[in-house]
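Scroll down for the structure; my scribbles are underneath it.
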Protein chains: 2
Amino acid sequence: MTAAASSTASERVASHLRAQILAGELAPGTRIRQEDVAAEFGASRLPVREALRMLAAEGLVELETNKGARVPELDGEELSIVYEMRERLEPLALTSSIPLLTPLAVAQLHEIQDRIAREDGLIDFLTLDRQFHMLTYSACPSVTLLTTVERFWNSTQHYRRAFMQVATPHRRAMVNAEHELLVDAIERQDVEDGERYLTGHIRRTRIELAELFRV
Amino acid sequence: MTAAASSTASERVASHLRAQILAGELAPGTRIRQEDVAAEFGASRLPVREALRMLAAEGLVELETNKGARVPELDGEELSIVYEMRERLEPLALTSSIPLLTPLAVAQLHEIQDRIAREDGLIDFLTLDRQFHMLTYSACPSVTLLTTVERFWNSTQHYRRAFMQVATPHRRAMVNAEHELLVDAIERQDVEDGERYLTGHIRRTRIELAELFRV
DNA sequence: GCCTTGCCGATTGGATCCAATATGAGGTAA
DNA sequence: TTACCTCATATTGGATCCAATCGGCAAGGC
């Protein structure tokens with residue numbers, strides 16, 4: 001689901017746009033004109049149309065008949081409910097993943113978390129944080145669950161960015177503490193603890209976000 | 001999301017195929033050739049391609065590059081996890097919907113449940129049951145949540161059908177009892193009870209399904 | 001005998017052109 | 001002035017044609 005050297009033009013266009021949207025170069029609300037993208041990419045409009053449909057399936061753009069595509073905007077309430085959905089689904093992904101995670105994956109988790117703890121920059125934090133959590137879910141046997149979780153991350157990406165831009169040192173420290181506890185639980189194969197810490201992690205973020213984006 | 005007289009050709013094709021898949025006329029594993037659908041519909045292949053992408057977004061078909069579209073098959077384990085996801089998400093949809101449901105909607109719930117209780121046929125049961133539950137969620141303010149829930153219903157539709165085909169009178173009676181309790185809780189605006197009954201309803205079905213489809 | 005390799009039909013992916021629809025500017029009437 | 005109507009233009013939706021890719025089958029080599 002992450003970029004990858006794709007063969008068809010529509011997949012390449014999709015990867016390109018996906019990266020732009022997740023990086024915030026295309027902000028929520030931005031309209032995406034087919035012809036612009038086609039020109040920029042040296043392709044016809046048709047693969048662009050298909051790429052937009054793919055991204056729509058991932059929740060990264062929304063399409064309206066005869067009106068085209070735009071990057072979706074979430075209001076505060078919708079954002080909060082998406083976090084409640086994450087709060088319920090991601091622990092399920094975690095618990096089904098933990099018993100199947102390889103020692104290599106656990107070692108990588110430590111490594112990523114070390115880099116997060118050292119990292120000052122915002123962009124890298126968001127990328128690493130996503131890598132971190134997705135890696136904890138990576139052994140989950142259900143593609144449906146993994147795909148759904150990724151959709152939620154996609155649709156909240158912009159707000160995570162806005163949120164972390166005003167991150168205090170204290171907030172960063174909290175995240176690090178939660179991550180450390182989570183990795184420890186995973187290493188001990190303690191499914192209950194893992195679920196507990198992850199739920200708290202998401203829940204705390206939801207509440208802080210609601211405070212920041214309340215309508 | 002349900003059929004509706006749509007303006008564009010791709011939407012009409014999508015509605016058509018969606019109905020066929022949900023009705024079981026196109027069984028899981030069936031391959032869908034673009035040209036066949038185009039011919040049957042008197043349109044070109046292009047709107048068919050877009051329709052297939054729409055359906056892929058809803059989880060009703062799966063696409064593979066250069067290999068075309070087919071109706072997805074779930075194995076027993078995947079099916080079970082989808083039910084666990086439903087078990088966690090649908091109560092959320094319900095609790096956010098209950099306070100906003102109109103008296104008219106509640107009256108319709110009674111009506112639908114009466115018809116379910118009287119209904120002998122299988123096809124109508126599946127349709128009515130879906131209508132029933134979606135109506136309980138209909139006031140949920142989050143489109144993301146509603147869309148996600150509908151995706152899950154789509155992807156499990158075939159197995160619900162296979163399941164109900166071997167439904168005993170006892171099983172039907174259980175469903176009716178659960179529905180009655182659910183409607184009662186909704187009518188009393190008792191969010192906790194509603195959540196409790198719905199969770200049990202889905203959970204019980206998951207376990208019975210797992211027994212039937214275990215690998 | 002079995003695996004590899006190259007060919008051919010079937011099917012999907014892409015480009016170009018045309019039709020349908022929405023958006024915005026400008027003008028006219030109340 | 002303001003509301004509404006008309007029309008031009010920009011943008012998306014659809015049809016047709018061409019190119020690329022996959023699957024099966026047969027012939028040849030190990």
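What you see is a predicted model; the values in this text were computed from it and never measured.
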>> Could you tell me how far apart B/Leu52 (CG) and C/dG13 (C1') are, to the nearest whole angstrom?
In response: 13 Å
> Starting at the 5' end of DNA chain C, which residue's closest nucleotide do you reach first, B/Arg53 or A/Asn66?
Replying inline: B/Arg53
> A/Arg31 side chain: which of D/dT12, D/dG14, D/dA15 is closest?
Replying inline: D/dT12
>> What's the closest nucleotide to the side chain of B/Arg45 if the choices are C/dG13, C/dT16, D/dT16?
In response: C/dG13
> Closest heavy-atom contact between A/Thr148 and B/Met85?
Replying inline: OG1-CE, 3.6 Å
>> Taking side chain to side chain contact (heavy atoms under 4.5 Å, CB included) as the definition, give me every residue that meets it alongside B/His179, ordered by chain and number, with sequence neighbours left out.
In response: B/Gln113, B/Ile116, B/Asp129, B/Phe132, B/His133, B/Val175, B/His201
> Between A/Arg88 and A/Glu84, is the closest basic N to carboxylate O distance under 4.0 Å?
Replying inline: no
>> Taking the minimum atom-to-atom distance to the side chain of B/Ala43, which one of C/dT12, D/dT12, D/dA15 wins?
In response: D/dA15
> Would you say the base of D/dG14 and the side-chain of A/Arg49 have a donor-acceptor pair closer than 3.5 Å?
Replying inline: yes
> In chain order, what residues pass the salt bridge (charged side-chain N to carboxylate O under 4.0 Å, His left out) check against A/Glu50, with sequence neighbours excluded?
Replying inline: B/Arg49, B/Arg53
>> For D/dG14 and B/Ser10 - does any side-chain N or O of the residue sit under 4.0 Å from the phosphate oxygens OP1/OP2?
In response: yes
> Looking at the side chain of B/Ala9, which of C/dA15, D/dG14, C/dA22 is the nearest nucleotide?
Replying inline: D/dG14
> Does A/Gln34 place a side-chain N or O at less than 4.0 Å from the phosphate oxygens OP1/OP2 of D/dA10?
Replying inline: no
>> So if I take every side-chain heavy atom of A/Ser44 and compare against C/dA15, D/dG13, C/dT11, which nucleotide ends up nearest?
In response: C/dA15
> Taking for each residue the nucleotide of DNA chain D bearing the nearest heavy atom, is the 5' side occupied by A/Leu46 or by A/Lys67?
Replying inline: A/Lys67
